[in-house]
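The structure under discussion appears below in the form of structure tokens.
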Amino acid sequence: MKQAKAIILLSGGIDSQTCLAIARHQDYQCYALAVDYGQKHQVELQSAARIAESLEAKEFRIITVNLGEMPGAALTDSHTAVPNYECSNRIKTTYFPARNTIFLSFALAWAESVRAEKVFFGANLSDYYGFPDTRPEYLEAFTKMALLATKTGVLNELNFTIEAPLLKLDKKEIIQLGLELGVDYSLSTTCYQANLEGLACGVCDSCTIRKNAFAELGVSDPARYFSSNKSCQN
């Protein structure tokens, strides 16, 4: 019996690293995909490569797509600063226009090419309010589109689905699950503005949520920071 295949969107952060660990634990043959879209935190691509090697992905690829400096997109636009953490349910400044649709489209193309029925995607509870392209209804709509837009979908050759195993988990629960699976989170890069040495700012949304989660678990955060901030108390 052939081993089932899966594409894992691998950003180099905690969520996608945990997704790759879950897919490996479920005995999928894993194809890890990272995207260089001009993000300021380019160091995350190096983290993705280390994670793919550590978790024994069958293949790791970085796809480069020239999205330019999207006006107002904090992750790419040199004129828009990455904000410090704010306790808010608003769509975040770090939302990048249609990013997950672009990423999932690349994942879908690779999935059809290698005949993988699953794409693992790290959407989770912490992203729900800030990023509309991580919500269950979005994932359902993309899956429906994929089945209509691909040869394998139209011919019923592949039952393509997006696997979002973290969708109902917050960051603390994700880290706990990853630790149970033996994940080495020192390999990950979470920060939206990490420098070339991999040092994290400690004050952006992503850093703060990560730091708070490790603190709540009573586990040492292996990330290296060049700044610090106070935890946000709800």
Side-chain angles (χ1 to χ4, degrees), residues 1-39 41-68 70 75-76 96-124 127 131 133-136 138-167 181 183 187-189:
M1 185 175 179
K2 289 186 178 180
Q3 187 178 17
K5 299 176 181 179
I7 309 298
I8 291 81
L9 277 172
L10 190 62
S11 69
I14 281 176
D15 306 325
S16 63
Q17 183 180 17
T18 307
C19 275
L20 178 52
I22 291 170
R24 288 279 293 119
H25 183 71
Q26 294 178 358
D27 200 33
Y28 283 98
Q29 189 176 83
C30 296
Y31 295 75
L33 179 66
V35 182
D36 180 352
Y37 60 100
Q39 62 267 52
H41 49 307
Q42 287 277 302
V43 70
E44 74 172 3
L45 300 173
Q46 299 172 24
S47 294
R50 291 195 298 267
I51 290 166
E53 181 179 7
S54 171
L55 291 173
E56 300 179 333
K58 178 176 176 59
E59 189 173 342
F60 171 68
R61 290 187 181 185
I62 297 176
I63 287 182
T64 301
V65 52
N66 183 15
L67 297 179
M70 301 292 279
L75 299 186
T76 56
F96 187 92
R99 181 178 67 171
N100 287 337
T101 303
I102 295 167
F103 289 5
L104 285 168
S105 296
F106 282 122
L108 173 61
W110 200 13
E112 187 170 30
S113 176
V114 300
R115 303 190 73 80
E117 291 193 340
K118 307 292 185 184
V119 169
F120 279 76
F121 177 55
N124 61 83
D127 294 335
F131 303 95
D133 51 2
T134 62
R135 299 174 187 177
Y138 165 78
L139 300 180
E140 292 170 6
F142 189 95
T143 300
K144 183 177 181 180
M145 179 279 297
L147 294 174
L148 292 171
T150 58
K151 175 184 176 182
T152 51
V154 170
L155 297 180
N156 294 317
E157 294 177 352
L158 288 177
N159 184 27
F160 174 83
T161 58
I162 298 175
E163 296 293 313
L166 313 179
L167 199 56
L181 293 172
V183 170
L187 300 177
S188 65
T189 296

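Keep in mind it's a predicted model, so treat the numbers as computed, not measured. When reading the values below, keep in mind they use all heavy atoms of this one structure, side chains included, and skip hydrogens, waters and symmetry mates.
Residues F142 and N100 form no side-chain contact, since every pair of their non-hydrogen atoms from C-beta on lies 4.5 Å or further apart. At a threshold of 4.5 Å between non-hydrogen side-chain atoms, the residues I7 and V114 count as touching. Counting heavy atoms from C-beta on, the side chains of L9 and F106 never come closer than 4.5 Å.
Side-chain N or O atoms of D36 include one that pairs as donor or acceptor with a backbone N or O of G38 at under 3.5 Å. T143 places a side-chain N or O within 3.5 Å of a backbone atom of L139 that can act as its donor or acceptor partner. Distance alone, capped at 3.5 Å, places no donor-acceptor pair between the E44 side chain and the G13 backbone. Between the side chain of N124 and the backbone N or O of G122 there is at least one donor-acceptor pair closer than 3.5 Å. With hydrogens and angles ignored, the 3.5 Å screen pairs a side-chain donor or acceptor of Y138 with a backbone N or O of T101. Between the side chain of E117 and the main chain of N159, a donor-acceptor pair closer than 3.5 Å is present.
Closest of all the heavy-atom pairs between Q3 and D27 is NE2-O, 3.0 Å. Closest non-hydrogen pair, L158 versus A116, comes out as CD1-O, 4.0 Å. Between A21 and L55, the shortest heavy-atom contact is N-CD1, 3.8 Å. Residues A52 and L20 share a closest heavy-atom pair of CA-CD2, 4.1 Å. Scanning all heavy atoms of the two residues, the minimum distance from I8 to S16 falls at CG2-O, 4.2 Å. Minimum heavy-atom separation, S188 to I51: CA-CD1, 4.1 Å.
The CD atom of Q17 lies 10.5 Å from the CG atom of L181; values are rounded to the nearest 0.5 Å. With values rounded to the nearest 0.5 angstrom, L167 atom CG is found 9.0 Å from F121 atom CZ. Atom OH of residue Y31 and atom NZ of residue K5 lie 4.0 Å apart, to the nearest 0.5 angstrom. Between L33 atom CG and C30 atom SG the span is 13.0 Å, to the nearest 0.5 Å. The CD1 atom of I62 lies 9.5 Å from the CG atom of L10; values are rounded to the nearest 0.5 Å. The distance from the CG atom of L108 to the CE atom of M145 is 6.0 Å, given to the nearest 0.5 Å.
For F103 and Y37, the gap between ring centers is short of 6.0 Å.
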query = Under the side-chain contact (heavy atoms from CB on, under 4.5 Å) criterion, do I22 and L166 qualify, and how do the steps go?
reply = CA-CA 10 Å; I22 291 170; L166 313 179; 3.8 Å; yes

message = What verdict does the side-chain contact (heavy atoms from CB on, under 4.5 Å) test give for Q39 and L45, after you've listed the backbone C-alpha separation in whole Å, the side-chain angles of each residue and the deciding distance to 0.1 Å?
response = CA-CA 10 Å; Q39 62 267 52; L45 300 173; 3.8 Å; yes

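Counting only residues at least two apart or on different chains, the salt bridge (charged side-chain N to carboxylate O under 4.0 Å, His left out) pairs with a member in residues 7-16 are D15-K171.
By the salt bridge (charged side-chain N to carboxylate O under 4.0 Å, His left out) test, E59 pairs with R61, sequence neighbours left out.
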Let me have the donor-acceptor pairs involving side chains of residues 150-157, under 3.5 Å, with sequence neighbours excluded, atom names and distances please.
unit_1: T150; atom_1: OG1; unit_2: A146; atom_2: O; d: 2.8
unit_1: T150; atom_1: OG1; unit_2: G153; atom_2: N; d: 3.1
unit_1: T152; atom_1: OG1; unit_2: E112; atom_2: OE2; d: 3.1

